[in-house]
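One is the number of the first residue; the rest follow in order along the sequence. Since we're looking at a predicted model, the values are computed, not measured.
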Amino acid sequence: MCGIVGGAGKVDFRSYLIGGLKTLDYRGYDSAGLAYRKDGKVNLFKTVGKVEDLDNITPKFTDATMGIAHTRWATHGEPSDTNAHPHFSMHRKVYLVHNGVVENFRALRTKLKFNGYEFVTQTDTEVIANLLEEQYLLLKDPFKAIEKVITMVEGSFACAIMFSDLPELYFMKRQSPLLIGLGKDGNFMASDAVPMMKLCDKFIEVEEDSYGCITQNTYVLMKNGQEIQPNFVVRKAEECTFDKGDYPHFMLKEIEEGPKVIKRLLDNYYDGTSFTFDPKIIECIKEADDVVFLACGTSYYASLLGVEFMHYLGKRSESYIASEWAYYPNLTAKNPLFILISQSGETADLIACQKYINDNGLPNIAITNTRGSTIYRNATFALLLYAGLEVAVAATKSYNAQVTMLAMLTSACSSTEHGVRNIRKLIEAIEDVINRKDEIHELAKKMTQAKDAFFVGRGYDSLAALECALKLKEISYIHAESYAGGELKHGPIALIEKGTPVIGLVSDSISAAALRNNLEELRSRGADIYVISTESLFDKKDDFYTKDVKPYLAAVVKVVFGQYLSYYVSLEKGLPIDKPRNLAKSVTVQ
Ligand code: F6R
């Protein structure tokens, strides 16, 4: 969702701010803006639309000493030029960009209005700008003003703040991500490391409820009125590479990185003879009476496999959608362990769950792709996925990495070495799908006109079907659902019309015959059936097969098929594959 870029120093601010926003635009946004300070004066440009539109309206300025920029994903107030960030206070003493949501903004606005403040936008952010100005004029000290505002605002915020009469760039942070980057030509700040990668070699994670300021050569970090020490982090280039190479889309590149990502997981967590997970993590899983997974979207679908893996270990286990659990937490298990799965590590609903878990003193393991993210930092134990930056909004390689990580943890808990052999076979099976992607492209061409589509499977395939349907709907805009094969007759079969595409996933010999029967029932009611089986279960009438792997890993191979299918349907329809409408990569508001 929203992205922040800012900095103070001696750099080409125009290209840093606009280039930086471009690296963040994969998160999803509807308007963009920037402000820079030059010759002691603040200049402001903002517009609804794309960063390219902002580029067009921004003059070719040089010699700025600081700047802030933002991509906005509307929450309070429609996408418009006025509601775009940066926002400024009534007397233009404060300019700021903000990620997050001010929950008590109505009450604060009413109070500010009573004190004579007028508002020009519908945003919650303008409240912070006016509050900061009011406190700054009263207290005559930017740190004291920020400290006071932090106590007044309920909700989440990461803000980059320019006071029009001060040479430093200020910030404050709660719950929303913010990193400070230290470079040789200046100091910088951004929602993640990527925009700063070319300018900085060292980063500071900004603590919760802390604030501070940067100049070209200095930085100050504060909390509760006291200076605090920085928590330095290193970001590896591979975690931040923002380049699609020769690929037409990030999504295609990321699907095809699948095998490499799984190999990298093995490199990081297996030394050739045994798994190298922190023994405390394995102990924690073994000792738990109930393993509770929490996640959203694709990560939630990955967690459903985790539940099955825990059942294999003989454990009680269930998974909850984080946005539900956050409001209806359930702590009935005697000795629970929570496993939080999140590609970004910044999903607001999951952060809310983690806060509740931590407030109750319970252990939680974060499985995330983002080192230093909020969920990573606040977990009892964190496991990195090492999948590399995922830019396309639709999650692909991160799903493969999440399920593989869960399979590896399960193998480590049961001390079975054949787990690794199975994962190596998984890599080969994914490579085989990649080599035969043109066949999937041909299948996709038959589905471009569909209004609805259904994925069906049994066992692990029913879990793969959930993720395949999500992929298809989010990037091709075809209404897609998934069902466990046996459920069709209990209602959904009423939806089948002549020509409705139904994709049957058949990977497990236990249920293959039953699923094929279900598909025949649908065919006789007019559905166009596409059967995606495996090498050993292949029937010559099937439309595609994937190489044999253990059924518990077959879901990953079938999902790679689903990723390609969705990609090609979207390609044929000429849709914006990497940035589908209404979606954001990182869902940082609840
Ligand atoms: C779908 C997709 C989303 C995310 C969900 C959770 O392709 O990407 O459903 O999986 O928003 O995001 P993370 O994993 O970052 O918590």
Side-chain angles (χ1 to χ4, degrees), residues 234 236-239 256-288 291 293 299 302-303 305-315 317 337-341 343 345 363-371 376 379-388 397-434 460 507-508 534-536 546-557 559-560:
V234 177
K236 291 189 188 159
E238 82 198 22
E239 288 171 40
E256 302 198 352
E257 281 173 353
K260 191 169 81 190
V261 164
I262 297 178
K263 281 180 202 154
R264 209 184 289 147
L265 268 182
L266 284 177
D267 289 347
N268 278 286
Y269 295 104
Y270 183 72
D271 65 7
T273 24
S274 49
F275 288 104
T276 56
F277 292 112
D278 179 346
K280 290 198 217 102
I281 294 182
I282 302 303
E283 260 331 285
C284 208
I285 298 175
K286 283 183 175 170
E287 279 172 13
V291 178
F293 289 90
S299 299
S303 78
L305 282 121
V307 169
E308 297 306 320
F309 298 169
M310 290 302 130
H311 290 168
Y312 168 82
L313 291 178
K315 298 234 151 257
S317 180
L337 166 68
F338 293 88
I339 301 188
L340 280 51
I341 307 185
Q343 188 283 128
N364 57 92
I365 300 174
I367 297 182
T368 176
N369 198 27
T370 314
R371 190 194 294 273
Y376 175 97
T380 321
F381 302 104
L383 288 167
L384 266 182
L385 293 169
Y386 298 105
K397 61 179 176 175
S398 60
Y399 172 90
N400 304 348
Q402 289 164 348
V403 177
T404 308
M405 169 65 87
L406 292 168
M408 285 167 45
L409 277 175
T410 309
S411 293
C413 287
S414 59
S415 316
T416 50
E417 291 310 308
H418 60 255
V420 174
R421 270 205 309 281
N422 295 338
I423 289 170
R424 295 220 164 96
K425 287 191 104 177
L426 169 66
I427 296 172
E428 285 168 29
I430 297 176
E431 280 167 347
D432 182 63
V433 177
I434 295 173
Y460 287 109
S507 314
D508 192 352
T534 60
E535 220 167 359
S536 60
T546 55
K547 279 191 161 221
D548 287 314
V549 295
K550 288 284 172 199
Y552 74 93
L553 293 175
V556 178
V557 196
V559 164
V560 174

Distance-only side-chain donor-acceptor flag, [X] / [Y], under 3.5 Å:
X	Y	value
Asp548	Ser536	yes
Asp271	Thr273	yes
Thr368	Gln343	no

Item to check | Stepwise side chain to side chain contact (heavy atoms under 4.5 Å, CB included) test for Asn364 and Leu337 | outcome: CA-CA 6 Å; Asn364 57 92; Leu337 166 68; 5.7 Å; no

Mind checking whether [X] and [Y] have side chains closer than 4.5 Å, heavy atoms only?
X	Y	result
Val420	Phe275	yes
Val559	Tyr399	yes
Pro363	Phe338	no
Ile281	Thr380	no
Leu385	Thr404	no

Please check if the side chain of [X] supplies one atom and the backbone of [Y] the other of a donor-acceptor pair under 3.5 Å.
X	Y	value
Asn268	Arg264	yes
Asn400	Ile262	no
Lys315	Met310	no

Checklist entry - Using 30° and 60° as the class limits, which term best fits the ring planes of Tyr269 and Phe277: parallel, tilted or perpendicular? => result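 Judged by the thresholds at 30° and 60°, the geometry between Tyr269 and Phe277 is parallel.
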
Let me confirm one number: the [atom1]-[atom2] distance from [X] to [Y], rounded to the nearest 0.5 Å.
X	Y	atom1	atom2	result
Ile430	Glu428	CD1	CD	11.0 Å
Leu383	Leu340	CG	CG	12.0 Å
Leu406	Ile341	CG	CD1	4.5 Å
Tyr270	Thr276	OH	OG1	10.5 Å
Tyr460	Ser507	OH	OG	12.0 Å
Ile339	Met405	CD1	CE	10.5 Å

Shortest non-hydrogen separation from [X] to [Y] and the atoms involved:
X	Y	value
Val403	Phe309	O-CE1, 3.9 Å
Leu305	Ala555	CD2-CB, 3.8 Å
Ala387	Lys397	O-NZ, 2.8 Å
Val261	Ala401	CG1-CB, 3.6 Å
Pro259	Ile427	CB-CG2, 3.8 Å
Ala429	Val549	CB-CG1, 3.7 Å

Item to check | Steps toward side chain to side chain contact (heavy atoms under 4.5 Å, CB included) verdict (Phe293, Ile365) | outcome: CA-CA 10 Å; Phe293 289 90; Ile365 300 174; over 6 Å; no

Checklist entry - Passes salt bridge (Lys or Arg N to Asp or Glu O under 4.0 Å), Glu431 versus Lys263? Steps please. => result CA-CA 12 Å; Glu431 280 167 347; Lys263 281 180 202 154; 3.4 Å; yes

Checklist entry - Between Leu409 and Ile367, does a side chain to side chain contact (heavy atoms under 4.5 Å, CB included) hold up when you go through it step by step? => result CA-CA 11 Å; Leu409 277 175; Ile367 297 182; 4.1 Å; yes

Item to check | Test log, rule side chain to side chain donor-acceptor pair (under 3.5 Å), inputs Tyr552 and Asn422 | outcome: CA-CA 10 Å; Tyr552 74 93; Asn422 295 338; 3.2 Å; yes

Next on the checklist: Quick one, Val556 with Leu426, criterion side chain to side chain contact (heavy atoms under 4.5 Å, CB included). Give me CA distance, side-chain angles, the key distance, then yes/no.
Outcome noted: CA-CA 8 Å; Val556 178; Leu426 169 66; 3.9 Å; yes

Item to check | Lys425 bridged to Glu535 by N-O distance under 4.0 Å | outcome: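 Glu535 and Lys425: not salt-bridged.
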
